[in-house]
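Notes follow the structure.
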Amino acid sequence: MATTICIFIASASVAAATTFGPNRAFVAPALFHPGSECTFVATSASKTHLRRSTTRTRIAGTANGSGMDAYDAMSSGNNQQPATATANSGQSSASVTSTPKWSGQNSYTQQFQQQPDTNNNGMDYSNSYTSSYSTNSYEEQTTGNNQHAFAAAVAAVEEESDDPYEMQFTNYLLNLQQEMEMAAAAAGEEAQNSQPMEAAPIMETIMSQQQQPQSSSSMEAVETAAPQPAIVELTEEEKSDQFLKMVSNEVEYKKFLNQSPYSLSDLEVSVLLQRYLDNLEDSFQKNNGKLKGEAKLKGKSIPKEERKTVVVLGTGWASHAFVKLASTYDIRIVVVSPVNHFVFTPMLASAAVGTVEYRSMTEPIRVTNPYIDNFVEGRAIGVNVEAKKVQVQLSSLSTVTGAFKGIAANGPCRLEPEPVLTQIVYDDEGTVQRDKTAGAGGVIELNYDHLICAVGTASRSSMVPGAKENCFNLKTSQDSKRLRTAIGEALEMASRPDVQEFYYPDEATQIEAREERRRRVRIAVVGGGPTGVELSGELCDFFAQVCGPNDAYQHLRDDISVMLIHGGNQLLPSMDVELRERALEALQEQGVDVRLNTRLKEVGLDYIRIGEKGSDVVETIPLGITVWAAGNAPVPFVKDMLSQLPESAAGSGGRIMVDQWCRCPTPSLDSFGSILVLGDVACFESQSKYDSEAQPLPQTAQVAGQQGSFVARMLNRGYDLQHTPPKLPDLPTSEEFSLLRVWLASRGLEEAPGFNFLSLGLLAYVGQEEALNQVMVGNVPLFNYSGKIAFVLWRSVYLAKQASSRNQALIAFDWLRTEAFGRDITRL
């Protein structure tokens with residue numbers, strides 16, 4: 001009996017401490033273990049608890065059950081019974097007061113109901129424990145007047161109570177009821193005009209997640225049996241499960257409301273400290289080899305003679321972070337990419353409408369680190385994993401005059417969206433030969449000690465018929481440039497005389513001309529993620545400026561339209577619910593036609609076909625421009641690499657699986673650790689404390705940039721990547737006590753730590769100088785902002801994250817120029 005009483009008391013104490021703060025617990029911490037042998041001793045804290053129960057009874061009586069939780073109603077029922085009432089009377093306390101309407105209070109109240117009273121003339125709370133949450137009783141209590149009476153009673157008690165925790169409790173009840181109403185509204189439930197929200201379905205969902213599963217026979221017994229005695233015998237497993245469910249109750253409740261279960265107590269201070277120390281180390285290491293070859297932390301003035309060769313594929317976020325931080329004293333770096341620059345991809349939407357210029361947000365990779373061994377403008381087309389060789393198709397470096405190829409002036413431009421591929425030719429010894437066919441560059445082979453695979457992804461437009469041929473992408477600076485040109489052409493095409501009504505005498509032809517004009521300036525954006533939402537907002541800003549009164553295209557202000565097509569039921573699925581809702585409202589206020597739960601069926605030259613999920617109805621919409629911003633696919637090089645790797649290397653979405661040091665599986669131990677996969681192409685699985693299974697990290701710039709810095713740091717330190725975990729190799733005595741080795745030994749980093757992603761939040765621009773900010777540190781949310789203040793923070797972060805001070809100055813000047821003189825509509 002003592003053991004059973006102990007578990008209820010301990011559980012109740014944990015719940016009280018969770019809700020009201022650490023000072024609210026009224027049992028000793030030693031009682032927290034569910035299997036401990038203990039008895040309950042009345043204390044002043046327990047008397048305070050009973051006094052508050054009596055106070056809440058007054059609220060329950062005034063509110064008549066509307067809005068109060070189960071605990072308060074049952075307490076009021078017991079207080080209304082005579083003091084001599086016992087469990088043998090044959091009547092439940094529910095017969096005195098009707099079951100109240102649930103207001104969103106957590107299920108820990110049930111644990112309080114099981115606690116016997118040792119200081120109130122033997123009053124037994126067990127009579128109320130067997131009362132069930134009846135749906136009929138909810139309907140009987142749903143009156144608008146009762147809800148107002150409850151609020152008035154709460155206000156009266158707050159005025160009389162001298163206990164600050166009593167006020168906190170009542171405020172908590174009201175906040176929970178508001179949260180439940182918001183959750184019901186988000187699910188599409190419509191509340192009655194004069195009735196409070198029906199919370200029974202929501203309560204049953206939460207209770208089914210939190211309560212221990214019971215057999216059908218036991219459930220029937222609970223519903224039909226007479227009131228049970230106060231002492232209920234439980235097995236050790238049931239006690240443990242009940243205790244754990246009690247502790248995790250608030251977490252499950254937050255998950256039900258689509259809220260983050262993390263709090264400030266989950267902040268990993270050790271990770272922040274290590275990240276700070278890493279940044280101190282990086283400030284020295286990134287300059288190694290850049291000042292006359294000097295390595296400050298190793299005390300050497302010339303680069304190593306036997307440096308390892310690292311071939312970096314790509315110039316995206318991961319590659320740029322690696323090249324910027326890597327020590328050219330320790331490693332020889334060769335970068336391979338079809339383009340010679342890094343681009344700040346979050347601002348591609350701004351560049352597509354002229355808010356900023358392309359060159360303001362790009363940085364040449366040779367400028368990022370002038371001391372890299374070489375940069376090869378080409379595309380990786382094959383790899384020999386065991387031989388540690390990569391085949392590279394060189395880009396055809398021809399200008400529009402064809403000066404480097406000796407052909408006519410109409411030679412192909414080297415910035416074509418689809419590069420010209422060539423057949424790889426091997427000789428008898430297996431060496432790659434150059435293919436000097438017209439219109440294609442040669443193929444070379446590069447040896448490496450470590451291969452950094454950060455080739456990124458391609459647009460997944462091939463999944464929809466016609467999308468690859470007729471959609472504009474937004475992944476590179478050239479994509480942004482082509483889209484900007486297309487928008488300017490659409491405005492000019494819609495201004496031509498053949499689509500003006502006054503050129504035609506009959507009404508039917510005038511209607512056709514007007515519809516054709518509107519088609520030419522109708523733009524559809526496919527994808528409701530950050531890229532699609534920001535592009536829609538930027539387009540609205542652009543058209544509001546150039547089509548306003550007294551502006552260049554004022555005659556088109558009633559014809560232009562923007563449509564956003566998204567397959568999900570909410571925009572920006574990675575953000576919190578309130579920010580998703582605000583994104584939808586902001587775009588709709590600007591006139592964007594947002595189509596949710598809609599799939600793209602087909603894309604034509606001047607039309608698209610869409611259909612709502614679950615419906616066979618297909619709608620054909622004529623338009624002028626379609627932009628693809630939905631989904632990514634692996635590039636051909638990744639498929640070729642996966643064909644040479646073990647089956648365990650295949651990750652979700654065609655990505656390559658990596659371990660916590662970004663190494664992918666290889667066929668043999670000799671080649672293990674030679675290939676490191678970063679960025680969008682890497683499938684790095686991470687499991688947080690509140691997730692039941694590991695999930696791949698998102699394909700974002702934050703993840704790619706942090707992975708690039710992590711790998712550069714490992715190679716700078718000299719870890720042997722063939723070991724698991726990677727270890728520092730043995731060095732001669734002259735280098736064993738270098739400053740770098742002493743620094744690593746003092747931090748306990750003889751073995752390389754695994755990669756930890758530290759999220760700093762999410763940002764999105766929605767137009768009209770309004771942005772959405774979800775600020776986080778790791779998995780812990782700090783605050784959410786939307787509106788003008790969030791717009792200032794959005795611009796501040798984007799300005800601070802630019803590649804160099806040169807880019808920061810250019811971006812700031814572009815913003816000032818746009819505010820003062822508007823966006824440039826010149827087509828070059």
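If you read the sequence from its start, that first residue is 1, and numbering goes on from there.
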Flag, side chain of S480 to backbone of A352, donor-acceptor distance under 3.5 Å: yes
Working for side-chain hydrogen bond (donor to acceptor under 3.5 Å, both in side chains), residues Y553 and E492: CA-CA 9 Å; Y553 295 99; E492 291 298 332; 2.5 Å; yes
Counterpart residues, side-chain hydrogen bond (donor to acceptor under 3.5 Å, both in side chains), relative to N550 (two or more places apart): none
Partner residues of F757 under the ring pair (Phe, Tyr, Trp, His ring centres under 6.0 Å) criterion, sequence neighbours left out: none
Distance-only side-chain donor-acceptor flag, T818 / R823, under 3.5 Å: no
Inter-residue atom distance F344.CZ - H320.NE2, 0.5 Å rounding: 11.0 Å
Atom of A552, atom of I825 and distance for their closest heavy-atom approach: CB-CD1, 3.8 Å
From CA spacing to verdict: salt bridge (Lys or Arg N to Asp or Glu O under 4.0 Å), K475, D680: CA-CA 12 Å; K475 293 183 69 66; D680 293 351; 5.1 Å; no
Pairing of E770 and R582 as salt bridge, 4.0 angstrom limit: yes
Pairwise distance CE(M361) to OG1(T345) - rounded to 0.5 angstrom: 8.5 Å
Gap between atom CH2 of W815 and atom OG of S350 - 0.5 Å precision: 8.0 Å
Side-chain donor/acceptor of Q774 to backbone N/O of D576, under 3.5 Å: yes
Salt bridge (Lys or Arg N to Asp or Glu O under 4.0 Å) against D824, all qualifying residues, sequence neighbours excluded: none
Shortest non-hydrogen contact from G679 toward A704: CA-CB, 3.7 Å
Flag if over 12 foreign heavy atoms under 6.0 Å of OH, Y785: no
Closest contact, heavy atoms only, L564 versus G532: CD1-O, 4.1 Å
Pairs flagged by salt bridge (charged side-chain N to carboxylate O under 4.0 Å, His left out) wherever residues 533-553 is involved - sequence neighbours left out: none
Donor-acceptor pair, side chain of R520 and main chain of M493, under 3.5 angstrom: yes
Closest approach of A586 to V766 (non-hydrogen atoms, all atoms of both residues): CB-CG2, 3.8 Å
Over 12 foreign heavy atoms within 6.0 Å of CD1, I511: yes
side-chain hydrogen bond (donor to acceptor under 3.5 Å, both in side chains) against T362, all qualifying residues, sequence neighbours excluded: none
For the student: nearest non-hydrogen atoms of R655 and V681, plus distance: CB-O, 3.2 Å
Closest approach of V521 to A490 (non-hydrogen atoms, all atoms of both residues): CG1-O, 3.7 Å
Pair L491-F543, side-chain contact (heavy atoms from CB on, under 4.5 Å): steps then yes or no: CA-CA 10 Å; L491 293 173; F543 290 136; 4.0 Å; yes
Whether D606 side chain and L623 backbone form a donor-acceptor pair below 3.5 Å: no
E363 side, atom CD; F342 side, atom CZ - distance, nearest 0.5 Å: 8.0 Å
Exceeds 12 heavy-atom contacts within 6.0 angstrom, atom CZ of F502: yes
Ring geometry between W794 and Y765 (parallel below 30°, tilted from 30 to 60°, perpendicular above 60°): parallel
For D559, salt bridge (Lys or Arg N to Asp or Glu O under 4.0 Å) partners two or more places apart: R517, R518
CG-CG distance between L782 and N773, expressed to the nearest 0.5 angstrom: 12.0 Å
Backbone of P465 reached by a side-chain donor or acceptor of E602 within 3.5 Å: no
Qualifying residues under side-chain contact (heavy atoms from CB on, under 4.5 Å), relative to Q554, sequence neighbours excluded: R557
Partner residues of R795 under the salt bridge (Lys or Arg N to Asp or Glu O under 4.0 Å) criterion, sequence neighbours left out: none
Criterion side chain to side chain contact (heavy atoms under 4.5 Å, CB included) against I565, the qualifying member of T626, I608, L596, I621: I608
Sequence-distant partners of R519, salt bridge (Lys or Arg N to Asp or Glu O under 4.0 Å), two or more places apart: E516
Residues which pass ring pair (Phe, Tyr, Trp, His ring centres under 6.0 Å) with Y358, listed by chain and number, not counting sequence neighbours: none
Heavy atoms of other groups near R514 CZ, more than 12 under 6.0 Å: yes
Spacing of CE belonging to M463 relative to CG belonging to L600, to within rounding of 0.5 Å: 9.0 Å
Main-chain N/O of V594 paired to Q588 side chain as donor or acceptor, under 3.5 Å: no
S615: partners by side-chain hydrogen bond (donor to acceptor under 3.5 Å, both in side chains), with sequence neighbours left out: none
Pair listing, salt bridge (charged side-chain N to carboxylate O under 4.0 Å, His left out) test, anchored in residues 801-821, at least two apart: E357-R817, D814-R817
